[in-house]
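These notes concern the structure reproduced below.
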Protein chains: 2
Amino acid sequence: MNKNYEKLCEYIEKIISFRQALTLFEWDNETLAPEAASENTAKAIGVISGEYFKAMINDEVKELLLELTSTENSELDFNQKAIVKNMKKSYDQMETIPPAEYRAYNELIAKAPGIWAKAKQNKSFEEFAPTLEEIIEYQKKFAGYRRKDGQKIYDILLDDYEEGFSMEKLDTFFNEVKASLVPLLQKVTAKKDLIDKSYNYQNFDKDRQMVFAKFISSYVGFDFTKGVLAESAHPFTTNLHNKDVRITTHLYPDNLESSIFSVIHESGHGIYEMNIDDAITLTPVGGGSSMGIHESQSRFFENMLGRSKAFWVPVYPKLVEYFPEQLSDISLDQFVAGINKSELSLIRTEADELSYSLHIIIRYEIEKMIFEGNAKVKDLPAIWNQKYKEYLGIEPSNDAEGILQDIHWSCGNFGYFPSYALGSAIAAQIYHYMEKKLPVEEYLKEGNLIPVVEFLKEHIHKYGATKNTSELLQDMMQEDLNANYYVSYLTDKYTKLYQL
Amino acid sequence: MNKNYEKLCEYIEKIISFRQALTLFEWDNETLAPEAASENTAKAIGVISGEYFKAMINDEVKELLLELTSTENSELDFNQKAIVKNMKKSYDQMETIPPAEYRAYNELIAKAPGIWAKAKQNKSFEEFAPTLEEIIEYQKKFAGYRRKDGQKIYDILLDDYEEGFSMEKLDTFFNEVKASLVPLLQKVTAKKDLIDKSYNYQNFDKDRQMVFAKFISSYVGFDFTKGVLAESAHPFTTNLHNKDVRITTHLYPDNLESSIFSVIHESGHGIYEMNIDDAITLTPVGGGSSMGIHESQSRFFENMLGRSKAFWVPVYPKLVEYFPEQLSDISLDQFVAGINKSELSLIRTEADELSYSLHIIIRYEIEKMIFEGNAKVKDLPAIWNQKYKEYLGIEPSNDAEGILQDIHWSCGNFGYFPSYALGSAIAAQIYHYMEKKLPVEEYLKEGNLIPVVEFLKEHIHKYGATKNTSELLQDMMQEDLNANYYVSYLTDKYTKLYQL
């Protein structure tokens, strides 16, 4: 092994270890830790974050990365090159920021979600606006430090989440999506009462729901010898490595499908992480490739598989067994129509499959205006509300169900939202491709998901972050992201469902 | 603040933070982590343990401790002095061991519990004997490095767990206990069928048991805003700091009292940790004073409070409400007799209150023989079995229920067992003292445990490890450990219960 790479590995081991500790603290905080614990525990998290930073950013690592990316690069194998590239990118990002500013920004970001939460509670954007303004200024400044000639600030932020995805590429993508989905949604909304899903809002025992959640998660391929399922306020997935993957759900006594689909969704994220190759799991490229690819996997499981009739052929009778009182009079077809019913919502996280991307487009367009200098912070609520009216035909009655609904901006995550929509589109594209290679529907009807999961593992999962979004798609399907598949998928599905 | 002490605080912050991370990993491993996770996670634990060691043992800390224990000691306040003393003791212990030997020993200790577990499964002491021999040799060697003139090896080990408790002191204590309890136990055993507790071995729903466990834990003072209760294979208590304290229980469907008393026991440990002063919680003296004092608190809650009739006066009707089918025909008096019934066991962890100390005496006497050179490893099973016959009147039929039953020696914990018995004795002594100061029985009957917990907090809990066992007892009761109270307590109790 290259001597310098060997030295780098010592730092990698530290970096990964500290990150695992931080992940565990976060998981524990979301699922179990007592409410009074946070202040004392925060000190430990602060110290370990500091050690993590020191292990990543220091003169020796800088020197090693310099040599390993230039003269010695040819001595590295595929995984090693990817690891070095990934670390160099992180290094260059962090290094340009003056430490004092970085600290000040982190202090701001530590308290901002609290300010946001209170503002949301009070339905008052004004309370959050000054903090948001500050965060945006830091984001502009920090991106500015690493800007290359002619680069636009928002392009830099977008690239952080999805390498190679600029405004130019996303404009094309989103415009195509918008042009098709806005009129389609209008037609569907006009016939919205065609499907009755009142069965879903009966009373469902939470303990039984949890037992079913474990069954369905395992059914789609989540391996409980390498993972756990717990409850939390909001569903999420996290992992320490490929043999310790954790998902959560939130159970509502009066909404059966909420937990079912969030569990299938998080299982998709989780199975991705479980399938990452052993050779890279404890390295900086040992996670998913990008937010968009990650979301493509969760949505593939949730929507392409989980909302199809074929999927429920063997599974629905099982669900009826769990809840005979509530479901024995509901046919498979009624159930499948119900889980695909379009129900407009002002809230992104409650949006149906059809309107979801429109929620994202609104956020993308607003972020673009912010960083292109076309919108002032104080005007954002009005812009937000106007866009909801235009694209979805509904309007928030207050900031809590409008511009204050998402936590992301308070965490400094600008450029993140587009990945959600990319994920949906990539899922549709992969499904289109997979159907040409595998008899997916047959497999689903037989209750055999193994070939489907194996296919995703071989083409996507096992590579972790050694390939970026476009590389994965190209290598798999010889085609980059193409919005057509997504638009066709939704158009076909909803035309049939609503008899348009 | 003293400049050197201020510098030391930076190291303390690191040490405590790494220890919190390690505690969380351990907790997670015992309660939740998936079974396949351990190998990958062990690497992170290894790295963080290494960082923990580096933060504790290094030239600057050595220098700081030297100055703070000598010339500058008078500039420190009470807590600071205790912290410095505590760290100096740890430092001196660690420092004498050559790093290569320390590593080799840690590798041995990492695999020894696995070898022990397999030997236990195969009921074969021979399989474990060579490993045990190696561990004993390391223990002798390491204690030898820090031996002062004329000191005995086993005294050094005992002092690690209980400062100031030498063989001389323990011989006196244990001989007194043994002389009274062995004949008492024989009398009780002769009348063992006097009490019928078949009610305890019916079928009890585990979920309902868990709900009652949470109630009883909270009832005795465990504060769920600062703590959690979970399930694990063996009950234990751990904590990150005084506002994050975690206890576990193990639920048996066919044994009601097992979980009830282990929850009260662990709640005693937990309440101790919760009551440690805010000023010291994130320091090296932020835990319990010693194993013996910790155990005195858990046993105080379990035995002095939890097995008394007064305790159950307000609580037993509640328990009957949880399990009416099984308990409505069982009177309070029957129940209180049942939970105090003496049932001899070959297994220490299943021993009743009366015989428990005899299990400890056997281990103490054997450890003493090992380190005084009066027993060879290969002869230990025979010595063990002979002592069980002599003190308890029962004999193991194999090594698994004999000498292989405890994990402690495979972890290198020699000198640890006596603390369990000291805990029982201290609990009885404190109870005797408390009864003179507080109407404990009245409080229990009223269901008001607050004054009892407050009393323990003010005299013991809040001090954490700033005082050692003898200091706590002396300051509280103007008397050091005295076995009489323990012997009287058991004699009175069992004479009445068994009408001797």
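The chains referred to below are lettered A, B, ... by the order of the sequence lines, with proteins before strands, and numbering in each begins at 1. The analysis underlying the following values was restricted to heavy atoms, covering all of them including side chains, and did not include hydrogens, waters or symmetry mates.
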Give, as side chain, backbone, both or neither, the part of Leu32(A) having an atom under 4.5 angstrom from any heavy atom of chain B. both

Pick one of side chain, backbone, both or neither for Thr281(A), based on which atoms fall under 4.5 Å of a heavy atom in chain B. side chain

Top contributor to chain B interface from Gly46(A), Ala230(A), Ala44(A) [non-hydrogen pairs under 4.5 Å]: Ala44(A)

What one should report as the nearest heavy-atom pair of Pro34(A) and Gly227(B) is CB-N, 3.3 Å

Using a 6.0 Å cut-off, check whether atom CD of Glu26(B) has over 12 heavy atoms from anything other than its own residue. no

For Ser17(A) and Lys43(B), which heavy atoms make the closest approach, and how far apart are they? OG-O, 4.1 Å

Under a 4.5 Å heavy-atom cut-off, does chain B meet the side chain of Glu51(A), its backbone, both or neither? side chain

First locate atom CZ of Phe25(A), then atom CZ of Phe25(B), and finally report the distance between them rounded to the nearest 0.5 Å. 8.5 Å

With a 4.5 Å cut-off on heavy-atom pairs, point out which of Gly50(B), Ser38(B), Ala36(B) contacts chain A the most. Ala36(B)

Count the heavy-atom pairs under 4.5 Å between each of Val47(B), Leu240(B), Asn242(B) and chain A, then report the option with the highest count. Val47(B)

Most heavy-atom pairs under 4.5 angstrom with chain B, which of Asp278(A), Asp223(A), Val245(A), Thr41(A)? Thr41(A)

Identify which part of Leu24(A) has an atom lying under 4.5 Å from any heavy atom of chain B, answering side chain, backbone, both or neither. both

Side chain, backbone, both or neither: which part of Phe224(A) has a non-hydrogen atom closer than 4.5 Å to chain B? backbone

Look at atom CD of Glu39(A) and say whether more than 12 heavy atoms of other residues, nucleotides or ligands are closer to it than 6.0 Å. no

If we define contacts as heavy-atom pairs under 4.5 Å, which of Asp28(A), Leu22(A), Ile16(A) has the most with chain B? Asp28(A)

I'd like to know whether CD of Glu325(A) has more than 12 heavy-atom contacts from other residues, nucleotides or ligands below 6.0 angstrom. no

Under 4.5 Å from a heavy atom of chain B, the part of Arg246(A) involved: side chain

Is any residue of residues 267-277 of chain B within less than 4.5 Å of chain A by heavy atoms, and which ones? none

Step by step, work out the side chain to side chain contact (heavy atoms under 4.5 Å, CB included) result for Asn40(B) and Asp244(A). CA-CA 9 Å; Asn40(B) 279 344; Asp244(A) 190 334; over 6 Å; no

To the nearest 0.5 Å, atom CD1 of Ile48(A) lies from atom NZ of Lys14(B) at 11.0 Å

Spacing of Lys243(A) atom NZ and Glu35(B) atom CD [to the nearest 0.5 Å]: 12.5 Å

